[in-house]
Asker: 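Below you'll find the structure I mean.
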4 protein chains.
Amino acid sequence: MVIISLDLQSESPIYIQLRNKIIEGIASKQLRPGDPLPSVRTFAQDLGVNMHTVNKAYQLLKQDGFIQIHRQKGVVINPDGMPSVDGNYLANVRENLRPVISESVCRGMNKEELMKLIQEVYEEIQKGGEHDDLH
Amino acid sequence: MVIISLDLQSESPIYIQLRNKIIEGIASKQLRPGDPLPSVRTFAQDLGVNMHTVNKAYQLLKQDGFIQIHRQKGVVINPDGMPSVDGNYLANVRENLRPVISESVCRGMNKEELMKLIQEVYEEIQKGGEHDDLH
Amino acid sequence: MVIISLDLQSESPIYIQLRNKIIEGIASKQLRPGDPLPSVRTFAQDLGVNMHTVNKAYQLLKQDGFIQIHRQKGVVINPDGMPSVDGNYLANVRENLRPVISESVCRGMNKEELMKLIQEVYEEIQKGGEHDDLH
Amino acid sequence: MVIISLDLQSESPIYIQLRNKIIEGIASKQLRPGDPLPSVRTFAQDLGVNMHTVNKAYQLLKQDGFIQIHRQKGVVINPDGMPSVDGNYLANVRENLRPVISESVCRGMNKEELMKLIQEVYEEIQKGGEHDDLH
DNA sequence: GTGGTCTAGACCACA
DNA sequence: GTGGTCTAGACCACA
């Protein structure tokens with residue numbers, strides 16, 4: 001059983017939202033290496049979205065090494081472990097954080113407040129793991 | 001004189017990039033309240049993009065209170081100060097940070113490494129201010 | 001089927017007129033929450049204006065919460081209900097009414113005549129709802 | 001001495017704002033028939049706007065019969081009384097009120113609340129007259 | 001000269 | 001097919 005809420009009006013594409021939700025599930029340990037994910041068809045039906053959309057999210061996750069897609073066994077969280085933080089990824093994150101942090105600075109947050117915010121979100125993500133498992 | 005580099009190949013729209021660059025300029029104090037920005041047409045020509053693209057970025061910045069657009073005096077960094085961190089903004093930032101932090105956690109970063117990264121980006125932004133002013 | 005007449009010669013921009021017409025349609029219950037609106041391109045063709053002009057009206061309506069724009073389902077009158085009368089809106093309306101009422105006072109209308117006029121327009125708007133639905 | 005505040009960032013043109021402020025002054029009896037107004041040049045300097053802007057406002061007011069412009073005596077509030085409410089004006093006001101009232105209805109105001117709002121603005125305008133005269 | 005508006009037309013991501 | 005983005009180019013109100 002999956003508890004994923006998508007925002008169909010969001011400016012961010014549904015397949016990206018879906019990808020992110022699954023990654024959040026892994027981060028919060030609601031999804032663990034080896035855990036199965038629904039088939040494209042089933043998941044699409046559950047979420048009320050197009051099959052292509054789920055497929056696109058899965059492809060992204062596979063590309064980055066978060067999941068494995070087997071013809072027979074279906075889709076599972078990568079049992080061999082998660083991808084690592086390489087230079088490429090770090091550069092990307094920096095590029096993404098830069099405008100967010102800049103705007104916060106403009107709006108008057110100092111370094112301490114910023115750190116506190118990050119920490120809160122960090123713990124919020126971990127707390128997600130106290131719920132029932134996603135699958 | 002403006003030193004802003006846009007990535008025309010990027011997946012993120014030019015007008016968003018431009019908006020962000022200007023906000024980074026403010027965060028790094030290269031742009032200060034009251035400072036003038038180029039007219040949409042001049043800026044467009046300088047950047048090699050269309051007038052409407054610049055205008056779209058300006059409209060976003062105006063909406064959020066970062067700049068003022070005077071029919072006469074042209075465009076200036078809001079001399080009355082920057083917008084504040086309200087609940088709405090905070091909720092937004094949290095929503096934006098969540099997937100980034102989640103992925104970092106998945107990839108094995110612990111809280112300390114994450115904090116260090118944030119701090120580095122934070123200081124990188126401030127260092128931008130050591131260059132000559134943007135205008 | 002949509003019956004909206006725009007005045008291309010008017011001093012008020014087409015996209016503002018269009019925005020207002022749609023709001024009048026909602027006020028008169030010709031358009032109800034959940035009702036679909038034409039796609040930007042279809043509507044533009046029907047109205048004989050450019051796609052961007054319709055889009056600008058839609059963006060305004062979306063910003064204020066009157067409509068939702070789904071990447072998939074297209075455009076609909078906000079099914080979650082309309083925006084409310086908040087302090088911000090009230091202040092705006094007052095600011096808009098002030099010159100209109102002032103001029104009427106100058107021209108010799110007393111409070112009763114003014115009230116009667118408002119009431120007439122109010123009922124005129126509601127009468128619009130007796131026509132067939134807009135869609 | 002004139003106490004008129006213009007919003008240079010407003011979307012409404014300065015000359016329209018100025019026109020409206022003067023009409024509000026008349027409605028609140030801070031300005032009475034026969035009262036002098038500053039010369040274009042003086043007024044422009046006092047307000048910090050272009051002469052053309054003041055002139056344009058004056059031309060509008062003269063056109064509608066709110067003021068008289070004499071080459072020698074200067075500018076005065078029309079001593080022969082104000083323009084009246086003719087059919088043309090009424091039609092115009094209705095057209096202006098329609099979108100405002102429609103939006104209020106959409107946002108959930110009923111007729112009574114609307115009437116109360118109008119009445120408040122009406123009285124606010126009259127209260128303006130308790131201040132010192134504008135000239 | 002400046003921003004505001006509008007058009008015609010194009011390509012693309014998304015679903 | 002839908003909205004999102006971008007361009008080139010035009011006219012106008014405003015100051």
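Residue numbers begin at 1 in each chain, while the letters A, B, ... track the order of the sequences. Every value quoted in this text rests on a predicted model; they were computed, and no experiment measured them.
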Asker: Quick one: on DNA chain E, does A/K56 or C/P13 contact a more 5' nucleotide (nearest heavy atom)?
Answerer: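 Its nucleotide being nearer the 5' end, the pick is C/P13.
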Asker: Rounded off to whole Å, could you give me the CD-to-P distance for the D/Q59 and F/dC14 pair?
Answerer: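 Interatomic distance, CD of D/Q59 to P of F/dC14: 15 Å.
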Asker: Counting only heavy atoms not in D/H52, do more than 12 sit closer than 6.0 Å to its NE2 atom?
Answerer: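 No, NE2 of D/H52 has 12 or fewer neighbouring heavy atoms, counting only those of other groups under 6.0 Å.
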Asker: Could you check how far CG of B/L60 sits from C1' of F/dG4, rounded to whole Å?
Answerer: 13 Å
Asker: F/dG3 P sits how many Å from C/K62 NZ, rounded?
Answerer: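 Going from C/K62 (NZ) to F/dG3 (P), I get 12 Å.
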Asker: When you get a sec, tell me which of E/dT7, F/dT2, F/dG4 is the closest nucleotide to the side chain of C/T42?
Answerer: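 Closest nucleotide among those given: F/dT2.
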Asker: As a test of reading the structure: which of F/dT2, F/dC14, E/dT7 is closest to the side chain of C/S39, going by heavy atoms?
Answerer: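 From the listed options, F/dT2 comes nearest.
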Asker: C/Q45 has an atom CD; how far is it from atom P of E/dA8, in whole Å?
Answerer: 11 Å
Asker: Would you mind telling me which residue lines up with the more 5' stretch of DNA chain F, D/T53 or C/V40, judged by nearest nucleotide?
Answerer: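 Going by which nucleotide is closer to the 5' end, it is C/V40.
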Asker: Determine whether a donor-acceptor pair (one donor, one acceptor, N or O, separation below 3.5 Å) exists between the side chain of C/R41 and the base of F/dG1.
Answerer: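 Absent.
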Asker: What nucleotide among F/dT7, E/dT7, F/dA15 has an atom nearest to a side-chain atom of D/I14?
Answerer: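 Per side-chain heavy atoms of D/I14, the pick is F/dA15.
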Asker: Side chain of C/V49, heavy atoms from C-beta onward: which of E/dT7, F/dG4, F/dA15 has the nearest atom to it?
Answerer: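 When the side chain of C/V49 is considered, E/dT7 is the closest of E/dT7, F/dG4, F/dA15.
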Asker: Where the side chain of C/M51 is concerned, which of F/dA15, E/dA10, F/dG3 is the nearest nucleotide?
Answerer: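 That would be E/dA10.
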Asker: Between B/L37 and C/N50, name the one whose nearest nucleotide on DNA chain E is closer to the 5' end.
Answerer: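 Result: B/L37.
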Asker: Which of the following nucleotides, E/dG3, F/dC6, F/dG3, is nearest to the side chain of C/H52?
Answerer: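 Nearest listed nucleotide: F/dC6.
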Asker: Under 4.0 angstrom, heavy atoms only, what part of the nucleic acid is C/Y58 near: base, sugar-phosphate, or nothing?
Answerer: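 Here C/Y58 touches no strand at all.
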Asker: Is the number of heavy atoms from other residues, nucleotides or ligands within 6.0 Å of CG (A/D7) greater than 12?
Answerer: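 Buried by this count: over 12 neighbours within 6.0 Å.
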Asker: Whole angstrom is fine here: how far is it from CG in A/L8 over to C1' in E/dC14?
Answerer: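 Answer to the nearest Å: 13 Å.
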Asker: Look at atom CG of A/D86 and say whether more than 12 heavy atoms of other residues, nucleotides or ligands are closer to it than 6.0 Å.
Answerer: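 Yes - once you tally the heavy atoms of other residues, nucleotides and ligands closer than 6.0 Å, there are more than 12.
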Asker: Starting from the 5' end of DNA chain F, give me the residue, B/Y15 or D/Y15, whose nearest nucleotide shows up first.
Answerer: B/Y15
Asker: Now, which nucleotide makes the Watson-Crick or G-U wobble pair with F/dT5, with each of the two distances under 3.5 Å?
Answerer: E/dA10
Asker: Does D/Q45 CD have over 12 foreign heavy atoms under 6.0 Å away?
Answerer: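 Count not over threshold, so no.
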Asker: Just the rounded figure in Å: distance from P of F/dA13 to CD1 of B/I69.
Answerer: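 It is 20 Å, rounded to the nearest whole Å.
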Asker: Taking CD from D/E11 and P from F/dA13, how many angstroms apart are they, rounded to a whole number?
Answerer: 18 Å
Asker: Specify the separation, in whole Å, of atom CG of B/L18 and atom P of F/dC6.
Answerer: 10 Å
Asker: Is the distance from OP1 or OP2 of E/dG4 to the nearest side-chain N or O of B/N55 less than 4.0 Å?
Answerer: yes
Asker: Do A/E24 and A/R19 meet the salt-bridge criterion of a basic N to acidic O distance under 4.0 Å?
Answerer: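 A salt bridge is absent here (no side-chain N lies under 4.0 Å from a carboxylate O).
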Asker: Side chains of B/S84 and B/Y89 only: does a donor on one sit below 3.5 Å from an acceptor on the other?
Answerer: no
